[in-house]
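Quick note on labels: first sequence line is chain A, next is B, and so on, each numbered from 1.
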2 protein chains.
Amino acid sequence: MRAMAAPGLASARRHLRNEPMIENRPGSVSAELIAVLVAVTAGTPRVLTIAEGTSLPSGPLSPEHRSLQAGTRSWVERQTHHPLGYVEQLYTFADNDRNAALGGFGRAISISYLALTREQPKTLDGGASWRNWYDYFPWEDHRQGADLPAPLPGALRAWAQAGASPAERRARKQRAAIAFGLEGRRWNEELVLQRYELLYEAGLVSEAARDGIACHTTPAPRLGHAMRQDHRRILATGIARLRAKITYRPVVFELMPPSFTLLDLQRSVEALAGQLLHKQNFRRLVEQQALVEETGQMAGATGGRPAKLFRFRADILQERAYAGTKPPLPRA
Amino acid sequence: MRAMAAPGLASARRHLRNEPMIENRPGSVSAELIAVLVAVTAGTPRVLTIAEGTSLPSGPLSPEHRSLQAGTRSWVERQTHHPLGYVEQLYTFADNDRNAALGGFGRAISISYLALTREQPKTLDGGASWRNWYDYFPWEDHRQGADLPAPLPGALRAWAQAGASPAERRARKQRAAIAFGLEGRRWNEELVLQRYELLYEAGLVSEAARDGIACHTTPAPRLGHAMRQDHRRILATGIARLRAKITYRPVVFELMPPSFTLLDLQRSVEALAGQLLHKQNFRRLVEQQALVEETGQMAGATGGRPAKLFRFRADILQERAYAGTKPPLPRA
DNA sequence: CCTATTTATGCTCAATTTGAGCATTACTGG
DNA sequence: CCAGTAATGCTCAAATTGAGCATAAATAGG
């Protein structure tokens, strides 16, 4: 316990622990819905943003909506002109920082949702755009080589070395090693949030500078695109959740067109996971789980032998959505 | 889409879909925190309740607390006089029914938390008590035989038969089979919420009667103890989350005393999972994951050969809390 | 037509992981 | 000493997983 903290540190800690502030008028707060809306196009995982890619879309708790989930679905569908296949609540928090942006109208509770849509819509409301989510998390894409972006390994070492005590330095080193798969550990694609939070603490993302967190590397790296408030953390939460989900529930299907080749399907999973998969094993898994069936048609030539087109088996999907699937992600 | 619905049906559907109502004054709502506080004593999983076991403890968003999580921790610790080891956000919803209870002061957002504590406290504030969670979900305990409580199989069949169309009857039958492991399917201990929701829809729990849902079995079974509002659904959510969590993260330890035998540990896991485990395999798993270490002491005689006492390895726990464990639950 | 290239698809194999049991050991209470 | 009850040590077969080899079916270029 530290008696005094540098300006910004309290807010920083809150940010990191996912521990939002609470409003001062007990019981009464303002609330909004925030969506992490995901689509995959051409092997790129995309997220819907507003304000030049600096914010996630958010909507009000409007009286016309009957439920939180329906409310999210409704305003997102209005903005994207596409139906949402899958909506799942992510996390609820109340960030003090958000207060200022709202003009001091009480502290806001934000309820965030993960939503999936089948394809990238053509028309978006002004200001909205689909962004490659790896623009925000370049270190999360391991599809071309597992190397971390250049400044990272050194910056992580510097952060670990900057610990106040030997014990803290050791703890930091271990934490970095676990989060980023250093020192011979395996990269765990699900630790998206933990990595972002570590980088925030280490002052390696712009949001940290904004919140007054120091960095021990000069010039301070500013990894990935920044977002307003804590939207990038919410996005990290969404990506982490989705990466975890695809390993045990067939949600990828929500992101696919009605018919597709097995390689299409694999590329989509790889895009989300940020990792390449063993082709034959992937196909074995998908087929043995009977998640898909042949349409009888073939895909247009893609450079080699033509591939069969598949579609999802609605009956099985329903069952699996409930009861679970096996993980398609590799270990090595 | 039905044009008209019987009274209570809308509320019922909301209840079932976890889709809460939204307040009429856009943006401004009242909010509360609800805790599912779990402890395991003598092989019984217990949950802290108030109001004679009919409600989960809830606290206000008080200005003295700096965050949602800290707020939960604070008022729960004040009530139980025990520190909480683990706190995790469960789900946020706004139930219309809750409105009346609050005297019409806007619609309430409820943010629920799962919290674990090491042992059953001696002193509780008036009205609070620890209850065996299987009092509320008798069908969830499969430690003594996998048979469902007597009225269930028949009542489920009756519900399936009461479907309006052949397609609906088939869908209901399949849903019941998946949820309850019928027709040769495996019992999936994580489907706690799905089972409760099915029983609610089928009118087999008191809350359904309260909300105006019909039942097709006479006399209508009223399975398990009821709770106010949708607290039993929140409890189901907490149990489901905890059952899922113990299979891949070493959270059981938060519920154990400082030292324990491997059988103690196994009994606790079994209590939570509602299923018996293969002893030797459980021990192999725990040991090979190096989650525990011997204290050097032995347990007082428990009827047979004395057992070694173990304690948790703080270092490993920290790492696993992050990176994961293997599942200790069986398939058969 | 023949060949190199590219992707699809079928199959095999070894290393692990899991599910189940057998056997032995170390106590307690007659 | 014997029966009863747990703890603990080991073994074994089935299932799952990670990696590759081999073949098939197309295209592009000579």
Side-chain angles (χ1 to χ4, degrees), chain A residues 42-43 142 146 186-189 246-248 259-270 273 275-311 324-332, chain B residues 42-43 142 146 186-189 246-248 259-270 273 275-311 324-332:
Chain A
H142 283 222
R186 286 179 41 202
W187 171 264
N188 183 338
E189 71 282 344
I246 51 171
T247 69
Y248 63 96
S259 81
F260 48 85
T261 68
L262 292 182
L263 188 58
D264 289 340
L265 185 60
Q266 183 179 346
R267 293 279 174 255
S268 290
V269 172
E270 290 174 339
Q275 275 195 127
L276 296 179
L277 302 174
H278 181 108
K279 196 180 200 168
Q280 295 93 321
N281 291 348
F282 179 81
R283 135 195 291 291
R284 170 175 67 187
L285 184 81
V286 171
E287 285 178 334
Q288 97 186 0
Q289 300 220 139
L291 296 173
V292 299
E293 61 191 1
E294 302 182 10
T295 64
Q297 300 186 297
M298 306 294 279
T302 48
R305 173 175 171 176
K308 290 175 187 165
L309 283 174
F310 291 83
R311 75 169 77 89
T325 336
K326 314 283 173 50
L329 290 176
R331 294 182 181 182
Chain B
H142 283 221
R186 284 179 42 202
W187 171 264
N188 183 338
E189 72 282 345
I246 51 171
T247 69
Y248 62 96
S259 81
F260 48 85
T261 69
L262 291 183
L263 188 58
D264 290 339
L265 185 59
Q266 183 181 345
R267 292 283 173 251
S268 291
V269 173
E270 289 173 339
Q275 275 196 127
L276 295 179
L277 302 174
H278 180 108
K279 195 180 201 170
Q280 296 92 322
N281 290 348
F282 180 82
R283 125 196 303 288
R284 169 174 69 188
L285 184 82
V286 171
E287 284 177 335
Q288 98 189 356
Q289 299 218 139
L291 295 173
V292 300
E293 62 192 0
E294 302 181 9
T295 64
Q297 298 184 299
M298 305 296 277
T302 48
R305 172 173 171 176
K308 291 176 187 166
L309 283 174
F310 291 83
R311 74 169 76 90
T325 335
K326 313 283 174 49
L329 290 177
R331 291 184 183 178

Integer-rounded Å distance: [N] [atom2] and [X] [atom1]:
{"X": "A/L285", "N": "D/dA15", "atom1": "CG", "atom2": "C1'", "answer": "14 Å"}
{"X": "A/L263", "N": "C/dA8", "atom1": "CG", "atom2": "P", "answer": "4 Å"}
{"X": "B/L276", "N": "C/dG19", "atom1": "CG", "atom2": "C1'", "answer": "15 Å"}
{"X": "A/F282", "N": "D/dT16", "atom1": "CZ", "atom2": "C1'", "answer": "17 Å"}
{"X": "B/H278", "N": "C/dC22", "atom1": "NE2", "atom2": "C1'", "answer": "10 Å"}
{"X": "B/R283", "N": "D/dT8", "atom1": "CZ", "atom2": "P", "answer": "4 Å"}
{"X": "B/Q297", "N": "C/dC27", "atom1": "CD", "atom2": "P", "answer": "15 Å"}
{"X": "A/F260", "N": "C/dA8", "atom1": "CZ", "atom2": "P", "answer": "14 Å"}

Worksheet item: Reckon B/K279 has a side-chain N or O less than 4.0 Å from the OP1 or OP2 of D/dA7?
Response: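 Result: yes.
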Discussion item. With a 4.0 Å cutoff (strictly under), does any side-chain N or O of A/R305 reach OP1 or OP2 of C/dT6?
Written reply: no
Worksheet item: Which nucleotide sits closest to the side chain of A/R284: D/dT8, C/dG19, D/dG18?
Response: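 The answer is D/dG18.
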Worksheet entry | Among C/dA8, D/dA22, C/dG21, the one nearest A/A307 by side-chain distance |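 Nucleotide nearest to A/A307's side chain: C/dA8.
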Worksheet item: Closest nucleotide of DNA chain C for A/L262 versus for A/G304: which of these residues is on the 5' side?
Response: A/G304
Item to complete: Between A/E287 and B/M298, name the one whose nearest nucleotide on DNA chain C is closer to the 5' end.
Response: A/E287
Practice prompt. Show the numbers, then the answer: is there a side chain to side chain contact (heavy atoms under 4.5 Å, CB included) between A/F310 and A/L291?
Written response: CA-CA 10 Å; A/F310 291 83; A/L291 296 173; over 6 Å; no
Item to complete: Nearest-nucleotide wise, let me know which of B/N281 and B/P306 is further upstream toward the 5' end of DNA chain D.
Response: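 Checking each residue's closest nucleotide, the 5'-ward one belongs to B/P306.
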Fill in: Reported CG-to-CZ distance for the pair B/L276 and B/R267, which is rounded to 0.5 angstrom
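Rounded to the nearest 0.5 Å, the CG-CZ separation comes to 7.0 Å.
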Discussion item. Does any part of the side chain of A/L262, heavy atoms only, come nearer than 4.5 Å to the side chain of A/K279, both counted from C-beta?
Written reply: no
Worksheet item: Taking atom CD of A/Q297 as the centre, does the number of heavy atoms from other residues, nucleotides or ligands within less than 6.0 Å exceed 12?
Response: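 Check fails, neighbour count at 12 or below.
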Discussion item. What verdict does the side chain to side chain contact (heavy atoms under 4.5 Å, CB included) test give for A/Q266 and A/V286, after you've listed the backbone C-alpha separation in whole Å, the side-chain angles of each residue and the deciding distance to 0.1 Å?
Written reply: CA-CA 10 Å; A/Q266 183 179 346; A/V286 171; over 6 Å; no
